There are 2 protein chains.
Amino acid sequence: MKLSTKGRYGLKAMLDLAVNSTDGHVSLNSIAERQGLSVNYLEQLFASLKKAKLIKSIRGPQGGYMLADSPENISVGDILRALEGSLAPTDCVSEAPGARRCDNLDRCVTRSVWEKIRDGINNVIDNITLQELIDDHTRNNNSKIMDNT
Amino acid sequence: MKLSTKGRYGLKAMLDLAVNSTDGHVSLNSIAERQGLSVNYLEQLFASLKKAKLIKSIRGPQGGYMLADSPENISVGDILRALEGSLAPTDCVSEAPGARRCDNLDRCVTRSVWEKIRDGINNVIDNITLQELIDDHTRNNNSKIMDNT
DNA sequence: TATAATTCCTAGTAAATTACTCGGTTATAC
DNA sequence: GTATAACCGAGTAATTTACTAGGAATTATA
């Protein structure tokens, strides 16, 4: 039940992008340097984020990425689901399309447990916006979005 | 962010044990048959459950397992943590002893997100008792704890 | 127009984790 | 004594994760 590095690094990268995109686009190279990650791996994360329409990109020199919407309108849930897929604890209660749902038409008792866990997680992550993380960050005014955990 | 089969099978097995232990001990063999699992694999799950003192065992013929306490006093959280370890989404906010905590003494912004997810999950699973699952099961009066998801 | 910076795309791969199986040992009811 | 069960440790195939590698497409700038 651990998040993968996709979710962990990806959320940090999104926060980095939000904090540093005040003037124009932010290159993966600069994010990679600040966060201590490889550009190649970040590319994969940003491909998922772009597919989910959370970011926009421009190619070529001076190109890079920007948020597709204002940070108040982007939730941690949006970001994590773009990177990790559904955060449901089992496939049988995953809201992702194509997930292998339970073939059991009758109710199975433990399923209600998995549903409650899923809803509990979603309730948390859908109610934290990227803006709140930015606020936390500027309030602490340190730049410790960069630790590797 | 998926539960492993340990948590999924293990919770079902505990429910099976609770439902079927009205008279004496329940053998792994009978649980394995009802749930369609191998005895060998169940042994491993029950070793964890026993270590966590959620069940008791007796060896030899007519031996088997019993709950160590009444179902009202055993939570889904107790069971899942015994089987999966901490359900924290990252090691840096794991409450398990020996987990590799974050070496970052300063606060890192995303950590508060992981803490909230962890607390959200724990809040759900610590507030469902095994007794409630038994009640659900007998209310539905089907025996569909046996599906494989 | 050439160059360099950048995103974009696909494939490969080493390491770690998961989900088991296998073979034996010990305890005990009958 | 024998059969039935829990107990124990090691091994392994399959899957997933966490990347790396290498190139193609786009475009600002000199």
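Everything numeric in this text was worked out from a predicted model, so none of it was measured. Chain A is the first sequence line, chain B the second, and so forth, proteins listed ahead of strands; every chain is numbered from 1.
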(message) Donor-acceptor check, side chain of B:R118 to backbone of B:V93, threshold 3.5 angstrom: yes or no?
(response)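 Side chain of B:R118 to backbone of B:V93: a pair is present.
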
(request) Measure from the side-chain N and O atoms of B:K50 to the backbone N and O of B:K56, and report whether any donor-acceptor pair falls under 3.5 Å. (result)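 Side chain of B:K50 to backbone of B:K56: no pair is present.
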
Any side-chain N or O of [X] less than 4.0 Å from the OP1 or OP2 oxygen of [N]?
{"X": "B:T5", "N": "C:dA19", "answer": "yes"}
{"X": "A:S38", "N": "D:dT20", "answer": "yes"}
{"X": "A:S4", "N": "D:dA18", "answer": "yes"}
{"X": "A:Y65", "N": "C:dC8", "answer": "yes"}
{"X": "A:K50", "N": "C:dT7", "answer": "no"}

(request) Would you state whether a donor and an acceptor, one from the side chain of B:Q44 and one from the base of C:dT21, lie under 3.5 Å apart? (result) yes

(request) Go through the side-chain N and O atoms of A:D119 and A:N123 and say whether any donor and acceptor fall under 3.5 Å apart. (result)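 No, no side-chain donor-acceptor pair sits under 3.5 Å.
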
(request) Would you check if there is a donor-acceptor pair between the side chains of B:Y41 and B:T5 at a distance under 3.5 Å? (result)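 The criterion, which ignores hydrogens and geometry beyond distance, is satisfied for B:Y41 and B:T5.
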
Could you check how far [atom1] of [X] sits from [atom2] of [N], rounded to whole Å?
{"X": "B:R59", "N": "C:dC30", "atom1": "CZ", "atom2": "P", "answer": "17 Å"}
{"X": "B:Y41", "N": "C:dT18", "atom1": "OH", "atom2": "C1'", "answer": "7 Å"}
{"X": "B:D91", "N": "C:dT17", "atom1": "CG", "atom2": "C1'", "answer": "13 Å"}
{"X": "A:L42", "N": "C:dC9", "atom1": "CG", "atom2": "P", "answer": "17 Å"}
{"X": "B:M66", "N": "D:dA5", "atom1": "CE", "atom2": "C1'", "answer": "16 Å"}
{"X": "B:I58", "N": "C:dT26", "atom1": "CD1", "atom2": "C1'", "answer": "15 Å"}
{"X": "B:K2", "N": "C:dA19", "atom1": "NZ", "atom2": "P", "answer": "13 Å"}
{"X": "A:L37", "N": "D:dT17", "atom1": "CG", "atom2": "P", "answer": "18 Å"}

(request) Please tell me which of B:G60 and B:A47 maps to the more 5' nucleotide of DNA chain D, matching each residue to the nucleotide holding its nearest heavy atom. (result)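 Here B:G60 is the residue nearer the 5' end.
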
(message) If you assign each of A:K6 and B:G64 to its closest nucleotide in DNA chain D, which residue comes earlier from the 5' end?
(response)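 Between the two, 5'-proximity favours B:G64.
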
(request) Describe the nucleic acid contact of A:F46 in one word from base, sugar-phosphate, nothing, applying a heavy-atom distance below 4.0 Å. (result)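 Nothing: the residue A:F46, judged by heavy atoms under 4.0 Å, touches no strand.
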
Which nucleotide in the set [options] lies at the smallest distance from any side-chain heavy atom of [X]?
{"X": "B:N40", "options": "C:dT7, D:dA18, C:dT21", "answer": "C:dT21"}
{"X": "A:S27", "options": "C:dT21, C:dC8, C:dT6", "answer": "C:dT6"}
{"X": "A:L28", "options": "C:dT7, C:dC20, D:dT20", "answer": "C:dT7"}
{"X": "A:Q62", "options": "C:dT7, D:dT20, D:dA28", "answer": "D:dA28"}
{"X": "B:P61", "options": "D:dC19, D:dT4, C:dT7", "answer": "D:dT4"}

(request) State, with a plain yes or no, whether a side-chain heavy atom of A:T90 is found less than 4.5 Å away from one of A:R111. (result) no

(message) So, taking the atom named NE2 in B:H25 and the one named CD1 in B:I58, what distance separates them when rounded to the nearest 0.5 Å?
(response) 3.5 Å

